Amino acid sequence: MKNRLLWPVLALVALLILNVVVTPSFFSIRLQDGHLYGSLIDILRNGAPTLLIALGMTLVIATRGIDLSVGAVAAIAGAVTCTHIAAGGNPWVAMGLALALCALLGLWNGFLVSVLGIQPIIATLVLMTAGRGIAMLITEGQIVTVDSPTYRQVGAGFLVLPIAILISLAVLGLVALVTRRTALGLLIESVGVNPAASRLAGVRARTIIWTVYVFAALCAAVAGLMISSNVSAADANNAGLWIEMDAILAVVIGGTSLAGGRYSLTGTLLGALIIQTLTTTVYTIGIAPEITLVFKAVVVIAVCLMQAPVRIRVRQGVPA
Amino acid sequence: MKQSVVVEPESVAVPSRARGGLVRVPKRFLPVIATFVVFVATFGVGSVRYEGFASGQVMANLFIDNAFLIVLAVGMTFVILTGGIDLSVGSVVALSTMIAASALQAGWPAWLVVVTVLAAGSGLGLAMGWVIHRFGVQPFIVTLAGMFLARGLCFVISVESVSIKDPAFRELATGSIELPGGVTITYGVVIALVAVLAAVYVLHLTRFGRTVYAVGGSESSARLMGLATTRVKIGVYVISGFCSALGGLLFSLYMLSGYSLHAVGMELDAIAAVVVGGSLLSGGVGFVIGSVVGVLVLGTIQTLISFEGTLSSWWTKIVIGALLLAFIALQRIIVRKT
Amino acid sequence: SGGSGDAGSSSGNANANSDGKITMGFAQVGAESGWRTANTKSIQESAEKAGIELKFSDAQQKQENQIKAIRSYIQQKVDVIAFSPVVETGWDAVLLEAKRANIPVILTDRAVDSDDTSLYKTFLGSDFVEEGKKAGEWLKANAAGAKNVVELQGTTGAAPAIDRKKGFEDAIAGTDLKIVATQTGDFTRSGGKQVMEAFLKSVPQIDVVYAHNDDMGLGAIEAIKAAGKVPGKDIKIITVDAVKDGMTALAAGEINFIVECNPLLGDQLMELAKKVVAGEEVPPRVVTEETTFTSEQAKTELPNRKY
Amino acid sequence: MTEPVVDMRGISVEFPGVKALQEVDFRLFPGEVHALMGENGAGKSTLIKALTGVHPLAAGEVRYAGEPVSFHGPAQAQAAGISTVYQEVNLCGNLTVAENILLGREPRKLGRIDGKAMRARAAELLARIGLHIDPGSVLESHPIAVQQLVAIARAVAVDARVLVLDEPTSSLDADEVAELFRIIRVLRDEGVAVLFVTHFLEQVYEISDRMTVLRNGRLVGEHMTAALSRIDLVSAMLGREMGVLEEIERRSGTPGEALLVAEGLGRKGSVAPFDLEIRAGEVVGLAGLLGSGRTEVARLLFGADKADSGRLLVNGKPLRLTGPRAAIEVGIAFSSEDRKAEGIVADLSVRDNLILAMQAARGWARPVPRKLADELVAKYIELLDIRPADPDRAVGNLSGGNQQKVLLARWLVTQPKLLILDEPTRGIDVGAKAQIQKVVADLAAEGMAVLFISAELEEVVRVSDRVVVMRDRQKVAELDGGAGVDDVMALIAGGGTDGVGAVAETAVVS
Ligand SMILES: Nc1ncnc2c1ncn2[C@@H]1O[C@H](COP(=O)(O)OP(=O)(O)OP(=O)(O)O)[C@@H](O)[C@H]1O
Ligand SMILES: Nc1ncnc2c1ncn2[C@@H]1O[C@H](COP(=O)(O)OP(=O)(O)OP(=O)(O)O)[C@@H](O)[C@H]1O
Ligand SMILES: [Mg+2]
Ligand SMILES: [Mg+2]
């Protein structure tokens, strides 16, 4: 696993170097109004939601699943919170409500996948479509702007470092701890690698699957709070749009296979950072919007060729 | 993703007894049949509920409006059957419309445009398939890069939309074929159906097709069995690229324009159609016909929405989701009961 | 069964239903922005007020869905069809069908690109290029030494983005003003904020932000504040749309100038629809009443803003 | 003998961290049956895969029909005339039996596959090895033994110069084996070179002309079968003397309470309702022919399949088996015969696989402490002689026999009350097999009840206190400890006494 992570790290370093070459001040960080200010900090803060969602996605993918609904769930979380605050509610209550509702949505996904046995991609596609509708229903299609200093902290606040990244890293730490210190990681992987064998060994596959979908939905919810809090507004239509793709990409770049089984949280962290750095790079080095996508395509291909399993096998003397 | 651990023997053969004579529907056809039954049922519900729903033309429109999606789903079926996925199809559709429109605008002859577009799509598919096979990179990531690339190339060609004024294209686009009963269809539908037939032939009656299923069932076994897995693994992406380009041509007939934002997210529609049609994303299980029915199901959902008439934007989304759920839940129930 | 190609021979142009009520089919693009939702709402309310039965469909930002919706309206034999084209190309075939079915078509927002102008009766809406121009003109007049403009574009390839860019560039051509960085913010607040954050670090001197809509401008304001600068003073901000949040910021002096793009064209549309169905002549182009706002104007206008 | 058709010299194959083969020489002549012998993990399968181009060579040379060759994959080897059945079933479960047999060489008419001709041809090939199943049925729906036969049918369907069979008989019964040997002899007489791997010494002596013995990835020797006694063979394989297979010690004490009682348990289409009693401390053997329903009985008792008639009593209390977990909770464990699909979790390490069942029972919140896990792993690696003795190696990379040992260990660590073992010695070498049988006997002596299923009748009779005989998906008899192989055989084959009568006649005596 260590070897595999080497390449994403190199890719990240390469991107950063590219930035410094074009914008020499890229690494400069200064203290501004009591918090750190600089491009690297932006990358961390803006990458926090993707990282968070990718963490949930990693566990889902490890069980051979996939969750397309995370973007919609994020939008719902933002919508619920903002409408509640806009109606004069307490921000904490509002956020609690959003998290509770999203946990329910996770249960729903888990139900479709583990009880009804619907293929995950389709099961979550249902909520991906309907979820955005629900979010818009809540906001009535308007962008709900709120003015709550408390709520602002989640996405735009700082405790020296951006609070958003602190939350995401805390969740990363928590997941790492929980999956390593308990047997959750082992059971998730065994369900992902061989569901039939796991069933016969007595693993509660259903509970495991349920857990990961709820966890993914909760991660999406918190990410949704960050996204909406960052601009103090809930945009039901655009919040978290296509973020599921970014999250899956982050997981895959991090070396976790979509076929389920072994996963790497560190890999996911790197993947999310690479994706956000890539986005920021596009803005910073002034790539024209028309060729942005071509640039991204080239980088993605380069990253995955660098870490291609075949290369690694060649290095170790065992060709395909 | 294969849920059932125990698979019932399809026919109980005992050494002494010869093969049973009773013809039963084999289990693997069930999802397709279930999808079809649900499709028919929904159409029935629509007919009762909405005036003018149960007309031949509404049915024909289902094909007219989804001809390109049918072609995409056909290509996607090949890929999914091998256990892969192709996220680039939507963008390749856009790129195809863009190439077609701008080449026609530049005065290329129509036939050359068609050939160019098909070659470009297949070429991109070949490149993606090669990377997937040669470097063992996951299809998801490679085709995602392909998706960025194709969409990016659209913008490079032109940010603005380009309309197609070529008479041959217009002729094809506006021309219609009259069927008995006053129902008309477009040439696009005919092309799509030909593509479906070709796909069925290739999948079921050629070695290439059977190897597609074998690779999806177990790639390592297929390799150990000495099958041409390399050719198949790359081939399916070429087919999918070709189908995307063909779908792109149909789409440019449908729209008579090339635009870089055409077909955004259409890859998901194509994947959804294939999966609704009973294919397993893990590979090895599924039928082209199922994917076609899957497209019709998605089309029917659209039609129902438009017949309902006055749904607000958000209810539209919610109802689409709910109908999709109803479809697959019903399909599951039918498959389980039998 | 209503064939798509040959129907409509039975009824004339004024084929109002037996009860005399006009039915309009409206194929909306989607609900991608607050502006669009206001537009939808206005049309729905006006239709009710005018006693017109509205069939509404949301195309989820997809042109093919709009085409399908229009086709289904043709089958349902509505009296008049209206829609806002997402793109200007690609409508010929379906409009031809409508024409053959004798159903008049009204465009809102923008025209379609077709050699055959008989395909639609009229179009009602804003002129995006003009909006960009107005923004540029104001800047020219109020530059006060400002030179470096950064532009927050709308979604790459979207018509308003292309036109507002073009109009603005035309207006500032030949002056000291220069667009030093331009990037898409996808018409969203987070997009605007992220892009602006990056600009603030990579572009040495920014005097003006030109955002293709209010939302991106609002996002940029956040980024500017976080950088320790004062929006509206250190960096001038010009946006398009004039939705309520934008007007509030304008009134507060955080935005300097907004070009209005009016979504409330429901009443005008219904009026046109009645005339068209009745067979009266209508002008081929109706421009919606749109204005521009400065900070002072915003303060007086703000209480009246509905969207 | 003339020129060898396959001549491998100085073959070395390496995997990350393992030297699987070191400088092995191997020759195979036309018209001979050559047995490749060695313990689990000795490198037999690796040698075969090196020959057919699955694994690249680190060193050495392969000559085929006199020419140096280097195949880039099984396809090339096959095209050159080497037909191979690899260890474990390597077929496509989602396709039909006929397709699996003829994939890549389907009969065609006008360029398209002729489905009818294909099924006919497949039926013919199946008949040739004595298997009568519907060629149009899906392969997955058949038990592992049938799949193994299908793989053989595929291999013998072509005119090959070399036929390689890697443990083809591991789940077959005497009848099927006889059938297979008949075919092998015919092919041999036609001049085909047959390479054959098995852990059954009787089979080796029955069929092979020559043999090559490997140990720890190295060549030990090449011998004429007739010139090497069993004892010498075994010590060549093990590298040490091995005591004569000791008679398993019969327990003197009477078995305890009835632990599990099945009353009229059955499932339509798979097993007719049967009664069965298993007591603590006894080993009950389940004997029968391929497809007689042994596996089905085991699955019903474990709840892997749902019974649709009868009931199950555990410790005298009725138990509703809703699934494997319900069974595990009352102390029933089941090791499946299909280790690839239902046994190992290939990507996980030996340690993780070993504690999986224990962990599942504890739930995710109470992880097995690392220290305990390490102790258990060390203990069972030693007890069952799992090789390589590396707990962190992915189980999928272990040799077949060693995977089987890990599976057995997985259940042993949970200390179940009733252990159901379906073909636990499949693919296990002689030494380890004796080891496992002894473990089973010891466990029973400690009070565990064991239901033991094996295709090898001698083994069943040897380890069991009582043998239940199945025929045609029905329980036909129960024989107590004194019964010999011949008695069971008679019942299995349906000869001698009439099936139904047998149950009454041989009423259980314990
Ligand atoms: N793909 C692989 N990666 C790593 N090690 C492997 C791989 N395949 C086999 N090995 C190792 O190579 C050695 C030889 O294995 P092989 O499968 O050839 O044994 P075998 O003689 O066939 O044993 P068995 O009788 O159990 O089938 C073993 O130590 C095994 O762990
Ligand atoms: N020779 C055969 N001919 C036809 N069907 C067979 C044959 N052998 C087995 N079967 C199949 O066997 C299945 C039942 O096998 P089951 O697994 O219960 O048997 P078993 O006694 O456990 O045998 P084994 O474990 O050796 O396969 C049936 O589904 C049947 O299709
Ligand atoms: Mg082996
Ligand atoms: Mg069995």
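Every value quoted in this text rests on a predicted model; they were computed, and no experiment measured them. Each chain gets a letter, A, B and so on, in the order its sequence line appears, and its residues count up from 1.
- Heavy-atom neighbours of D/Gln415 CD from other residues, nucleotides or ligands within 6.0 Å: at or below the threshold of 12.
- Interface with chain D: from residues 211-220 of chain A, no residue qualifies, criterion being any non-hydrogen pair under 4.5 Å.
- Residues D/Gly343 and A/Ala197 come closest through the heavy atom pair O-CB, 3.2 Å.
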Test side chain to side chain contact (heavy atoms under 4.5 Å, CB included) applied to D/Val368 and A/Leu186, step by step: CA-CA 11 Å; D/Val368 176; A/Leu186 167 64; over 6 Å; no

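- Of all heavy-atom pairs between D/Ala341 and A/Ala196, the closest is O-CB, 3.8 Å.
- D/Asp347 CG to A/Ser257 OG: the interatomic distance, rounded to the nearest 0.5 Å, is 8.5 Å.
- Pairing each heavy atom of D/Ala304 with each of A/Leu200, the nearest pair is CB-CD2, 3.7 Å.
- Taking every heavy atom of both residues into account, A/Ala201 and D/Leu356 meet most closely at CB-CD2, 3.9 Å.
- Put simply, the side chain of A/Arg199 never gets that close to the backbone of D/Arg325: no donor and acceptor are under 3.5 Å apart.
- By the neighbour-count criterion of 12 heavy atoms within 6.0 Å, atom NZ of D/Lys19 is sparsely surrounded, having that number or fewer from other residues, nucleotides or ligands.
- Proximity of a side-chain donor or acceptor of A/Asn194 to a complementary backbone N or O of D/Ala346 within less than 3.5 Å is not detected.
- Heavy-atom distances place no part of D/Arg370 under 4.5 Å from chain A, backbone and side chain included.
- Using a 4.5 Å heavy-atom threshold, the side chains of A/Leu187 and D/Gln359 count as touching.
- With contacts defined as side-chain heavy-atom distances shorter than 4.5 Å, the pair A/Arg262/D/Leu348 qualifies.
- For D/Glu23, the CD atom sits in a loose shell: 12 or fewer heavy atoms of surrounding residues, nucleotides or ligands are nearer than 6.0 Å.
- Residues A/Ala183 and D/Pro367 come closest through the heavy atom pair N-CB, 3.8 Å.
- Proximity of A/Val203 to D/Trp364: side-chain heavy atoms (C-beta onward) are nowhere separated by under 4.5 Å.
- When the shell of 6.0 Å around CZ of D/Arg362 is examined, it contains more than 12 heavy atoms from other residues, nucleotides or ligands.
- Using a 4.5 Å cut-off between heavy atoms, D/Ile355 touches chain A through its side chain atoms alone.
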